[in-house]
Amino acid sequence: MNLTKEELSLELEHLNKTLDATKEIIKEKETQQIKNKKDIVNSKRHLWQNKNEYSGVEAFTTMDEEDLKTNIINENQNKITKLFRSLYSPYFGKVTFKHDNEYSDIYIGLTGIEKDGKNFAYDWRAPISNIYYNYDIGPSKYETPSGVIRGENINKRQFKIESGRLLEAFNTDVTIEDELLQNALLTNNTDKMKNIVSTIQKEQNDIIRYSKKSDLIIEGVAGSGKTSVAMHRIAYLLYNDKKITNKNILIISPSDVFTNYISDILPDLGEEAVPTITIDDFIKKYIPYIENDDTYNKYAKKKYEKSYIDELNNLLQNFFNTLKFKSKLGLKKKFITSDELNCIFKKNNRLSSISDRIDYLVEKICDIYDISYEKNSLKLKENIKKILNIPNNPIDLYKLITKENTPDSFISYISALYINFEVNGYPNTAHIKHVVIDEVQDYPYFLLKIIKKVFSSAQFTLLGDTHQSINEYFKYSNLLDINSIFTTAKYIELKKTYRSSYEIIEYSNKILNIDDIKSIRKPSGIPVLEKTGTLIDVKKELNRLELKYNRTAVIIKNDNVNEALKTLYDKNTALITENSLKPKLI
């Protein structure tokens, strides 16, 4: 600790007051919880016992009040949970902020702690916390609803607090390579992603707090923390936008392994988990999908090209041209002739998809017959599709329009998905307000176009690294290539890596023939070595590594070598060859 005895004494005093205040708040909220629960029980009992005396409006009003109290109970319980965690470590940083010749000590923690008008700690997502993450000693500012507050950071201090005990406290005037960050990097070796609120860096903070109503494309090198930043961005949105709940956010995950890896992060940040879906499950939700190894052939390669969607649109147009009503439609002793049906269906050029045209036709039919669209639209749509001989099964529809056999590759299933949406309609996803996609460099252009159309009401946070692309048939030069889909997106690069050692990054820069990726870790003094030897030597090295690490991977260029090694490795070692690097789906 580099604090004076007087400074340390003051910090210990503030910590004790914070812990005492936290305990009092918990006690008050628990008392309020008991009262709220009793009120709800009594209200329900009274409503049931006197149900005959209530009008419908009065009953609904009473139930609305009960729902409101239930929501308050849930919110209070969430706050209580956060406060109990704060008893372990209530804050990790502090800024002494000068504004209008007044000095304020701003403590930053995982959640806000406020009692009797005094803020013992601010939530890391609060606007005022920005002066901690984005500014060193000197001029600083933060935004409020009434305007920007400008001032000066007089001092910055970091803490390590565990079990309510102050273990470390030190002043700092930098945020990039400080002691707290370096210690965190050395100890962050768990199987699950953990929060980084105490070590968020300026470039990461700018992404987390990005507030403009546009999409974000984050191109980040391996170990740059882009996935962690995206998860913290979700927590930030949930805190600052009260119109958004966890149910309004969707994460599209590359795999179940990834989903499991990130599963603890939002609860660790004090928020409920958000819905997560893998791209496999996304396809299965809408069409009969059979998982198999992608069929790499010339025709499959062609479908990865940007222009392939134009070819599909031409096929859809040709299919549309064959659709024709051949008989009149009768209902309620009224008739619409086949010519009138074809005119309504064919002539409205403002409608792009077959689904939109069917929907428009159904609206007109409901108007002509003066019947409810809400009650009759689904049945009418099915009848129209039957009259026009449009298959209900998406795979049959795919075969009919493309003249191909059952999809035999991932990209063919994506084509089937697009055809299904264009003919049968896109799902209603208006409740999804934000979508996060990781490893976006492995998503074909065509697939991103579909996802953008499916979630047309959402903002996107897209994360990837073109250096880590694993598909041999397409590769973006950088993620700016997808700007033609996400036209309003802001593109940000992260070129600092927090995971790999200085020596590994220097070595990988040479392999990639680049020099702009930097390691935040301090040099270890352990060089990257190139060794030669026999398969037996490889096995000896594996034995040595497996004593130290839970899991080891061997990356092999040649499948013949792979076959030879199969007799040597055990279940804790994964063999990754050129072919196994080909994705199962993408």
Pairwise salt bridge (charged side-chain N to carboxylate O under 4.0 Å, His left out) hits with a residue in [range], at least two apart:
range            : answer
residues 409-430 : Glu422-Lys453
residues 208-229 : Asp215-Lys452
residues 249-259 : none
residues 354-370 : Asp359-Lys381

- Task: Take the angle between the ring planes of Tyr133 and Phe92 and call it parallel below 30°, perpendicular above 60°, tilted in between.
- Result: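 Tyr133 vs Phe92 ring planes: tilted.
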
- Task: Determine the interplanar angle of the Phe258 and Tyr261 rings, folded into 0 to 90°, and report it as parallel if under 30°, tilted if 30 to 60°, perpendicular if over 60°.
- Result: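 Geometry flag for Tyr261 against Phe258: tilted rings.
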
Decide whether [X] and [Y] meet the rule of one side-chain donor and one side-chain acceptor closer than 3.5 Å.
X      : Y      : result
Ser355 : Ser353 : no
Asp438 : Thr227 : yes
Ser412 : Ser409 : yes
Glu75  : Gln77  : no
Thr278 : Asp281 : yes
Gln317 : Asn321 : yes
Thr81  : Asn78  : no

Please give me the minimum heavy-atom distance between [X] and [Y], naming the atom from each residue.
X      : Y      : result
Ile505 : Ser519 : CG1-CB, 3.7 Å
Leu479 : Leu463 : CD1-C, 4.5 Å
Asp268 : Leu110 : O-CD2, 3.5 Å
Gly220 : Asp465 : O-CB, 3.1 Å
Asn483 : Ala489 : OD1-CB, 4.0 Å
Tyr413 : Pro288 : CE2-O, 3.5 Å

Sub-4.5 Å side-chain heavy-atom contact between [X] and [Y]:
X      : Y      : value
Pro391 : Leu400 : yes
Tyr418 : Ile414 : no
Tyr443 : Ile252 : yes
Met193 : Ser228 : yes

Holding to side-chain contact (heavy atoms from CB on, under 4.5 Å), I want the full list of residues that pass it with [X], two or more places apart in sequence or in another chain.
X      : value
Glu374 : Ser372
Thr276 : Ile251, Ser253, Thr259
Ser415 : Lys303, Tyr308, Leu312, Tyr398, Phe446
Lys449 : Ile309, Tyr445, Ile485

If you round to the nearest 0.5 Å, how far is [atom2] of [Y] from [atom1] of [X]?
X      : Y      : atom1 : atom2 : result
Tyr289 : Ile279 : OH    : CD1   : 9.0 Å
Ile208 : Asn240 : CD1   : CG    : 11.5 Å
Ile277 : Leu250 : CD1   : CG    : 6.5 Å
Asn74  : Asn36  : CG    : CG    : 11.0 Å
Ile218 : Glu493 : CD1   : CD    : 10.5 Å

For atom [atom1] of [X], decide whether the heavy atoms of other residues, nucleotides or ligands shown that lie under 6.0 angstrom number more than 12.
X      : atom1 : result
Lys141 : NZ    : no
Lys375 : NZ    : no
Asn405 : CG    : no
Lys475 : NZ    : yes
Gln468 : CD    : yes

- Task: Can you tell me which residue pairs pass the ring pair (Phe, Tyr, Trp, His ring centres under 6.0 Å) test with a partner in residues 206-232, sequence neighbours excluded?
- Result: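 Non-adjacent pairs meeting ring pair (Phe, Tyr, Trp, His ring centres under 6.0 Å): Trp124-His232.
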
- Pairs involving residues 478-497, ordered by first then second residue, that meet ring pair (Phe, Tyr, Trp, His ring centres under 6.0 Å) (sequence neighbours left out):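 Residue pairs with at least one partner in residues 478-497: Phe460-Phe486.
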
- After noting the C-alpha distance and the side-chain angles of Arg125 and Asp123, does the key distance pass the salt bridge (charged side-chain N to carboxylate O under 4.0 Å, His left out) rule? CA-CA 5 Å; Arg125 298 163 292 185; Asp123 192 294; 3.0 Å; yes

- Message: My understanding is that only one of Leu462, Leu216, Thr461 makes a side-chain contact (heavy atoms from CB on, under 4.5 Å) with Val436; could you say which?
- Response: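 Output: one option passes, namely Thr461.
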
- Query: Under the 6.0 Å and 45° cation-pi test, does Lys324 pair with Phe345?
  - Reply: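 Judged by the rule (NZ or CZ under 6.0 Å from the ring centre, within 45° of its axis), Lys324 is not positioned above Phe345.
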
- Identify, with sequence neighbours excluded, every residue that meets ring pair (Phe, Tyr, Trp, His ring centres under 6.0 Å) alongside Tyr239.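 Tyr239 satisfies ring pair (Phe, Tyr, Trp, His ring centres under 6.0 Å) with no residue once adjacent residues are dropped.
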
- Message: Please enumerate all residues that pass ring pair (Phe, Tyr, Trp, His ring centres under 6.0 Å) together with Tyr91, with sequence neighbours excluded.
- Response: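 So Tyr91 forms a ring pair (Phe, Tyr, Trp, His ring centres under 6.0 Å) with His14, Tyr107, Phe159.
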
- Query: Among Lys82, Lys79, Arg85, which residue meets the side-chain hydrogen bond (donor to acceptor under 3.5 Å, both in side chains) test with Thr111?
  - Reply: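 With Thr111 as partner, side-chain hydrogen bond (donor to acceptor under 3.5 Å, both in side chains) holds for just one option, Lys79.
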
- Determine, for Lys385 against Glu382, whether the closest basic-nitrogen to carboxylate-oxygen distance falls under 4.0 angstrom.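 Result for this pair is yes, salt bridge flagged.
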
- Less than 6.0 Å separating the ring centroids of Phe455 and Tyr426?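 Here the rings of Tyr426 and Phe455 have centres that are no less than 6.0 Å from each other.
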
- Do the side chain of Gln459 and the main chain of Ser214 share a donor and acceptor less than 3.5 angstrom apart?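 The answer is yes, because a donor-acceptor pair under 3.5 Å joins these two groups.
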
